[in-house]
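Worksheet: the structure to be examined is printed underneath.
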Amino acid sequence: MQRKADSQNNHRRVYAASVKTPFANLGLWFQGRALAGIDFIEQDLLVQVDPGAEMTAEIEAMRELINSYCLNPFRRPHFDSELMPAGTEFQQKVWKALQDIPAGRIVTYGELAKELNTSARAVGNACRRNPIPVIIPCHRVVARAGIGGFSGATKGSMLNIKKWLLNHEGVQFS
DNA sequence: GTAGTCGTGCTAA
DNA sequence: TTAGCACGACTAC
């Protein structure tokens, strides 16, 4: 995980995830506070476009979606189907189902698997390959006996981000 | 309760 | 074809 110091105060930006859209990479940054070496996420996330990336209408749309989510996670975003990243037929099906989960609600991999007539592990695989976390809300899917993973990681600071996103939607996950 | 094991569906190499 | 997974159910202790 890359980090960027903020010399203005005790806050610093903590790199959260690279959102690989079909068009370019968006960097997700959380405004966090360094506490004894631990990144404590407490502020809104900021969206930055890769410095080398060309600013296109699609990238702007992605940025708008994420910024809109930061301001109000309960407002259902208008998701243009052209923004849906490439994936297998199964992955597309799972990602579409994820977008139907309303903010503030969580489901387990098993529950979603039952709905899609597949297995929990298969759902987890599709979630792991979700290239645009936050926009496709894979953070709303948790394991039966735990929080599950986020952005390809099953442990570490990524899970703090998943908890933060859930908390942002009013879900307390211990 | 919890650790170990296995079945499952899917994907990438 | 095979190994690897963001899982879940079952079993033994």
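Letters go in sequence order (proteins before strands), and every chain restarts at 1.
Side chain of A:W95 to backbone of A:C127: no donor-acceptor contact under 3.5 angstrom is found. Side chain of A:Q99 to main chain of A:K96: no donor-acceptor pair is present (N/O by atom type, distance under 3.5 Å, no hydrogens or angles). No donor-acceptor pair closer than 3.5 Å links the side chain of A:H139 to the backbone N or O of A:I106. The closest donor-acceptor contact from the side chain of A:R140 to the backbone of A:I101 lies under 3.5 Å. A:N130 places a side-chain N or O within 3.5 Å of a backbone atom of A:I136 that can act as its donor or acceptor partner. For the pair A:Q91 (side chain) and A:T88 (backbone), a donor-acceptor distance under 3.5 Å is present.
The CG atom of A:L165 sits 11.5 Å away from the CG atom of A:L159 when rounded to the nearest 0.5 Å.
By the 6.0 Å contact criterion, CG on A:N117 is open, its count of non-hydrogen atoms from other residues, nucleotides or ligands being 12 or less.
Shown for residues 100-107 of chain A: no residue has heavy atoms falling under 4.0 angstrom of DNA chain B.
Among the protein residues, A:G152 comes within range of the nucleic acid bases, having at least one heavy atom under 4.0 Å from a base atom.
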Per-nucleotide protein contact along nucleotides 7-13 of chain B, 5' to 3', at a 4.0 Å heavy-atom cut-off (B base, S sugar-phosphate only, - neither), is -BBBSS-
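Searching all strands for a Watson-Crick or G-U wobble partner of B:dT8 with both distances below 3.5 Å returns nothing.
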